[in-house]
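Note that this is a predicted model, so its numbers are computed, not measured.
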Amino acid sequence: MSETDPHIHVEQKVMQAGAAYRNLIASSLGRAPDAPDVVTAGCGLRVPYAMTSTRPESVTCLACREHAHREHLRYAEQVERLSRMPGAPVTGEQAAKAARWAREVAQRFAGG
């Protein structure tokens, strides 16, 4: 971990980062997990949790932006694929909405 790194990063597990995911865990388990002091970023560096963001416009590390872009596209593909399986817990419409959201966020990470 570099004390002089001025960049804002994304967590390596970008789809499990941020307040929405923490709220999901808290509502499921009845308690919120503690935020870590240090996390592994999408670029592979260990950085202070305070130097990470889930907002594409805030992330200044290019490698982290590329990582988050790929992860959101991968998520969109997974959701669509899983929704077509028999007994899927989400409808095709719900999956399409989630995939559309993920692709929009991926595009924001790509700078578009």
S.K.: Answer yes or no: is there a donor N or O on one side and an acceptor on the other, between the side chain of T60 and the main chain of I8, under 3.5 Å?
M.R.: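 Yes; at least one donor-acceptor contact below 3.5 Å.
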S.K.: Side chains of E11 and T40: closer than 4.5 Å at any heavy-atom pair?
M.R.: no
S.K.: Measure across A102 and Y75 and return the closest heavy-atom pair with its distance rounded to 0.1 Å.
M.R.: CB-CD2, 3.6 Å
S.K.: Show the numbers, then the answer: is there a side-chain contact (heavy atoms from CB on, under 4.5 Å) between R70 and F109?
M.R.: CA-CA 9 Å; R70 287 189 309 271; F109 273 112; over 6 Å; no
S.K.: State plainly whether one hydrophobic cluster holds both Y49 and V47, where clusters connect Ile, Leu, Val, Met, Phe, Trp and Tyr through side-chain heavy atoms under 4.5 angstrom apart.
M.R.: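 The answer is yes; both residues are in one hydrophobic cluster.
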S.K.: Rounded to the nearest 0.5 Å, how far apart are CD of Q78 and CE of M15?
M.R.: 9.0 Å
S.K.: Check for a donor-acceptor pair, side chain of H67 on one end and backbone N or O of Q12 on the other, with a separation under 3.5 Å.
M.R.: yes
S.K.: Apply the test side-chain contact (heavy atoms from CB on, under 4.5 Å) to residues R100 and E104: give CA-CA distance (whole Å), side-chain angles for both, the deciding distance (0.1 Å), then the verdict.
M.R.: CA-CA 6 Å; R100 189 170 39 256; E104 288 171 2; 3.7 Å; yes
S.K.: Can you check whether V10's main-chain N or O pairs, donor with acceptor, with R65's side chain at less than 3.5 Å?
M.R.: no
S.K.: Can you establish whether the number of heavy atoms outside E57 located under 6.0 Å from its atom CD is more than 12?
M.R.: yes
S.K.: Checking H9 against L45 for the side-chain contact (heavy atoms from CB on, under 4.5 Å) test, could you report, in this order, the C-alpha distance in whole Å, the side-chain angles of both residues, the deciding distance, and whether it holds?
M.R.: CA-CA 9 Å; H9 300 267; L45 293 176; 4.1 Å; yes
S.K.: Would you find a donor on one side and an acceptor on the other, under 3.5 Å apart, between the side chain of H69 and the backbone of A106?
M.R.: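 Yes, the answer is positive, given that a donor and an acceptor are paired below the 3.5 Å cut-off.
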S.K.: Out of curiosity, T91 OG1 to K97 NZ, how far, rounded to the nearest 0.5 Å?
M.R.: 10.0 Å
S.K.: When you group the ILVMFWY residues by side-chain heavy-atom contacts below 4.5 Å and let the links chain together, are W101 and V59 in the same group?
M.R.: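 Per the 4.5 Å side-chain linkage, V59 and W101 are co-clustered.
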S.K.: Work out which heavy atom in S83 is nearest to a heavy atom in V90; give both atom names and the distance.
M.R.: CB-CG2, 4.1 Å
